[in-house]
2 protein chains.
Amino acid sequence: MAKSPSKPITEHLAYLLAQANREINRQLDARFRKEGVPVEQWRILKVLSDGKGHSMGELAEAVLLNHPTLTKMVDRMVSDALVYRVQDADDRRKVLMFSSDRGKALAQRLNSLALSQEAFIAENYGNKATADLKRLLESLIEKAN
Amino acid sequence: MAKSPSKPITEHLAYLLAQANREINRQLDARFRKEGVPVEQWRILKVLSDGKGHSMGELAEAVLLNHPTLTKMVDRMVSDALVYRVQDADDRRKVLMFSSDRGKALAQRLNSLALSQEAFIAENYGNKATADLKRLLESLIEKAN
DNA sequence: CGGGAATCGTTGAATATTCAATATTTTCCA
DNA sequence: TGGAAAATATTGAATATTCAACGATTCCCG
């Protein structure tokens, strides 16, 4: 009796997610190339664009980075004068992050690029498919927590 | 006139994909913990489980890793006697990768863990939603190439 | 109140990934 | 055929990420 072939990797949800994520991220990175900014920094600037201070913990969660990774990325962004730290007066363990004017300006340029990517996807992939996919992903994320 | 708030990051497809991927990958990693093997090595072992030799190029594409990253991961796996290299006789620029018996045995254990994750997801998230999501991801990946 | 436990962020060392350059082999065409 | 160009994989240096440990602050409860 022949050995049963195992389910191909391309049928695993985990693999499909990784593949789709990699591809979309690459395309976004390509668009960001001219600004020389990695996708993670766009996320950070975007989250900070509400003008409110966000603690490192909040931010790490929101931008999908581990604490130490975020700390070091923020160090670089501080060097580039995109963001700055303020100690939280109410809880001095915390550090509140803010976006500088330079950071806000960059965020706007990156937002344009990201929106143009979204438009491109919606066009080539279809509005309905895009909306359905987003909805399913949101629901998966919610269930997975 | 108030500054128009930009579209929240949680509504970007790129972000939703990154978030879902991160979450699902974490859960899979947690299951693999007891074998002490990262998800990428599962992918490699799985692709090699057809018994045919796969070149590094093919493999890199299939397992979603850059060439140099794959080379170094394979180095580790060779040290662990999970895979081995054979120079391709037909094209001596190429290296063909094979899984060892040890690698095959590990692959089977990892497959079980991965399948059990799939089952868990299908159960909590719904069979239809899971199938729909996979279909949409496949189609996105296809379009994005 | 006092002090142990929990929370928050950072650091340094270990590990992993990436970029550019390289070596080898094959392909192609002048 | 000969030799330039392309394809394949690896290497080393630079960079980035992760893990475990730490320091500082706050919380909680006896």
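Computed from a prediction, not measured in an experiment: that's the story for all the values here. In the text below, chain A, chain B and the rest are named by the order of the sequence lines, each starting its count at 1.
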Colleague: Starting from C1' on D:dT18, measure out to NZ on A:Lys72 and report it in whole angstrom.
Modeller: 8 Å
Colleague: Counting only heavy atoms not in B:Lys7 (residues, nucleotides, ligands), do more than 12 fall under 6.0 Å from its NZ?
Modeller: yes
Colleague: Classify the angle between the aromatic ring planes of B:Phe98 and B:Tyr84 as parallel (below 30°), tilted (30 to 60°) or perpendicular (above 60°).
Modeller: parallel
Colleague: Figure out the CD/P separation between B:Gln87 and C:dA23, and round it to whole Å.
Modeller: 18 Å
Colleague: Check the distance between D:dC19's C1' and A:Leu70's CG and give it to me in whole angstrom.
Modeller: 17 Å
Colleague: Looking at A:Ala62 and A:Val47, what are the two nearest heavy atoms and their distance?
Modeller: CB-CG2, 4.1 Å
Colleague: Scan residues 20-32 of chain A against DNA chain D and write down, sorted by residue number, each residue with any heavy atom closer than 4.0 Å; if none is found, say none.
Modeller: none
Colleague: Could you give the CG-to-C1' distance, from B:Leu64 to C:dT17, as a whole number of Å?
Modeller: 15 Å
Colleague: Once you round it to whole Å, what is the distance between P of D:dA9 and OH of B:Tyr84?
Modeller: 17 Å
Colleague: Drop me the distance from A:Arg31's CZ to A:Leu28's CG, to the nearest 0.5 angstrom.
Modeller: 8.0 Å
Colleague: Show which side-chain atoms of residues 129-138 of chain A pair as donor or acceptor with protein atoms under 3.5 Å away, not counting sequence neighbours.
Modeller:
from	atom 1	to	atom 2	distance (Å)
A:Thr130	OG1	A:Gly126	O	2.6
A:Asp132	OD2	A:Lys128	NZ	2.4
A:Lys134	NZ	A:Glu118	OE1	3.1
A:Lys134	NZ	B:Glu11	O	2.9

Colleague: Say you draw a straight line from CG of A:Asp101 to CG of A:Leu82; how long is it, rounded to the nearest 0.5 Å?
Modeller: 11.5 Å
Colleague: How close or far is atom P of C:dT24 from atom CG of B:Asp90, stated in whole angstroms?
Modeller: 21 Å
Colleague: Look at B:Arg76 and C:dT17 and indicate whether a side-chain polar atom (N or O) is within less than 4.0 Å of OP1 or OP2.
Modeller: yes
Colleague: Starting at CD of B:Glu40 and ending at P of D:dT18, how long is that distance when rounded to a whole Å?
Modeller: 11 Å
Colleague: My understanding is that only residues two or more places apart in sequence, or in another chain, count here; which of them pass side-chain hydrogen bond (donor to acceptor under 3.5 Å, both in side chains) with A:Asp80?
Modeller: none
Colleague: Given D:dT17, is OP1 or OP2 found less than 4.0 Å from the side-chain N or O atoms of A:Asn66?
Modeller: no
Colleague: Please enumerate all residues that pass ring-ring contact (aromatic ring centres under 6.0 Å, His included) together with B:Phe120, with sequence neighbours excluded.
Modeller: none
Colleague: For DNA chain D, whose closest nucleotide is more 5', that of A:Thr69 or that of A:Arg92?
Modeller: A:Thr69
Colleague: Holding to side-chain contact (heavy atoms from CB on, under 4.5 Å), I want the full list of residues that pass it with A:Asp29, two or more places apart in sequence or in another chain.
Modeller: A:Val39
Colleague: Taking N or O atoms only and anything under 3.5 Å, show me the protein contacts with nucleotides 6-9 of chain C, one pair per line.
Modeller:
from	atom 1	to	atom 2	distance (Å)
C:dT7	O2	A:Arg93	NH1	3.0
C:dG9	OP1	A:Met56	N	3.0
C:dG9	OP2	A:Gly57	N	2.6

Colleague: Rounding to an integer number of Å, can you tell me how far B:Asp75 CG sits from D:dT10 C1'?
Modeller: 9 Å
